[in-house]
Amino acid sequence: MPLHPVRRRPLLALAAALPLSTRAEPLQLRFARFSATPDDPRIHFPLALLRAALGLHGLEVDVQASDQVMERSRAIKELEAGHIDFIWSSLGREIEQVLRPVRIPIYRGLIGQRIFLMHREREAEFALVRKLDHLAAFTAGQGTGWVDTQILQAAGLKVLTNTYDALFRMLARGGIDYFPRGANEAPAELAARAAQFPELMVEPRLVLSYRSDNVFFVRRQNEVLARQIESGLQALHASGAYQRLFETHPYVQKVLAEARLDKRLRLEIPNPMLSEEDRLISERYWM
C-alpha cells in the first residue's frame with residue numbers, strides 16, 4: 001500500500017536513544033483513516049487524549065492519518081504489518097489476539113450506548129418500539145469487520161454490513177432501516193453529512209446499551225509505546241485531567257448534549273465478545 005513518506009525511527013530504538021527531556025524531534029505516528037469525510041469529527045478527542053498521555057512522558061507527537069481509507073479489518077492488518085502505528089477500536093477477543101490493547105476506555109463506555117441514525121420517513125415506525133423484540137423486526141447496518149455486528153446478532157438482531165461511508169447511502173436509499181452509532185458519534189456524523197443526506201436524522205427516543213468502548217491498539221512489538229500510552233492515561237485519570245478534558249472538550253460535550261441519553265428508553269443487551277481481561281477493566285474508567 002503506498003503511504004505518504006514520513007521520517008520515522010523504530011519506536012523501540014527511539015525509546016532507548018535519548019533521555020526524554022533532550023529529544024528534539026517529535027514522535028511521528030500514523031493511524032488508520034476510517035472515513036473519506038474531510039476532518040472526520042471522530043478523530044479529535046482520541047488524538048487529543050493520546051497527545052496528553054504521551055505528553056506526560058515529555059513526548060511531542062506528530063500524528064498523521066493514512067492516505068487511504070481503511071475498514072477495521074484492513075486497519076488491523078496494516079497495523080500488524082507496521083505500515084501504521086496505532087488505531088483505536090472496540091474491545092473484543094479477536095482483535096486482542098493479534099494486537100496489543102491499552103485497556104483504558106477512551107470514551108468511558110459511550111461507544112456501547114448506541115443511538116440510531118435513520119431515514120426521516122421511518123420515525124413513526126421506530127416510535128412503536130418498546131422492547132428488543134420490536135427492534136428485531138428492523139435491519140441494522142454496521143461496518144465491515146466491526147465487532148458490534150456480532151454483538152447485535154448475538155442479541156437476535158438483523159444486521160447487514162458494508163463500508164462505513166457506504167452505510168449512509170444504504171440508509172438514505174432504504175437498504176437498511178437504522179444505523180446504530182455510539183452516543184458520542186451519531187450527532188456529529190449526521191451534522192458532517194447534513195448537506196449530502198438531508199433525509200437522515202437521529203432517532204430521538206431509543207438507546208441500545210451494552211458494555212463496550214474504544215481503546216488504543218498498537219503492534220505487539222511496540223510494548224514501549226503501549227506502556228507509555230497506558231501509564232499516561234492512568235496518570236491523567238489519577239490527576240483528574242482526563243475528567244476535565246472529557247468535560248470540556250467541545251466535540252464530546254456537543255454530542256453528549258445532543259444525544260440526550262438520560263431521556264431515552266434503554267434496551268440492554270450483553271456483549272459476548274469481551275475477553276476476560278476486558279471484563280476486569282476497573283469501574284473507574286467507565287461512566
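Bear in mind the structure is a predicted one, so any value in this text is a computation, not a measurement. Basis for what follows: all heavy atoms, side chains included, without hydrogens, waters or symmetry-related copies.
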Any salt bridge between [X] and [Y], counting N to O under 4.0 Å?
X	Y	value
Glu125	Arg122	yes
Glu203	Arg264	yes
Asp278	Arg103	yes

If you compare all heavy atoms of [X] against all heavy atoms of [Y], which two are closest, and at what distance to 0.1 Å?
X	Y	result
Glu96	Pro101	CG-CG, 3.9 Å
Met70	Ala32	SD-CB, 4.0 Å
Asp85	Leu225	O-CD2, 4.2 Å
Leu117	Glu189	CD1-OE1, 4.3 Å
Ala140	Leu152	CB-CD2, 4.1 Å
Glu185	Ile111	OE2-CD1, 3.6 Å

Can you run down the salt bridge (Lys or Arg N to Asp or Glu O under 4.0 Å) pairs that involve residues 265-274, sequence neighbours left out, and say none if there aren't any? none
Going by atom types only, do [X] and [Y] share a side-chain donor-acceptor pair under 3.5 Å?
X	Y	answer
Arg72	Ser89	yes
Arg193	Thr37	yes
His44	Asp39	yes

List for me each residue that meets ring-ring contact (aromatic ring centres under 6.0 Å, His included) alongside Phe217, sequence neighbours excluded, and say none if there are none. none
Residues pairing under ring pair (Phe, Tyr, Trp, His ring centres under 6.0 Å) where one sits in residues 172-195, two or more places apart or in two chains, turn out to be Phe116-Tyr178, Phe126-Tyr178, Phe168-Phe179
Hey, could you give me the CG/CD1 distance between Leu160 and Ile176, rounded to the nearest 0.5 Å? 7.5 Å
Lys NZ or Arg CZ of Arg100 over Phe216 ring: under 6.0 Å, within 45°: no
Can you list, by chain and residue number, the hydrophobic cluster partners of Leu280 when the side-chain cut-off is 4.5 Å? none
Mind checking what makes side chain to side chain donor-acceptor pair (under 3.5 Å) contact with Arg108, not counting sequence neighbours? none
Kindly write out the residues that satisfy side chain to side chain contact (heavy atoms under 4.5 Å, CB included) with Glu283, not counting sequence neighbours, or none if the list is empty. Arg211, Trp286
Any side-chain heavy-atom pair from Phe34 and Glu71 closer than 4.5 angstrom? no
Parallel, tilted or perpendicular: ring planes of Tyr242 versus Phe246, cut at 30 and 60 degrees: parallel
Would you check if the distance from the ring center of Phe31 to the ring center of Phe86 is below 6.0 Å? yes
Hey, any chance Ile95 and Tyr210 share a hydrophobic cluster, counting ILVMFWY side chains that come within less than 4.5 Å of each other, even indirectly? no
Is a donor on one side and an acceptor on the other found under 3.5 Å between the side chain of His57 and the backbone of Leu59? no
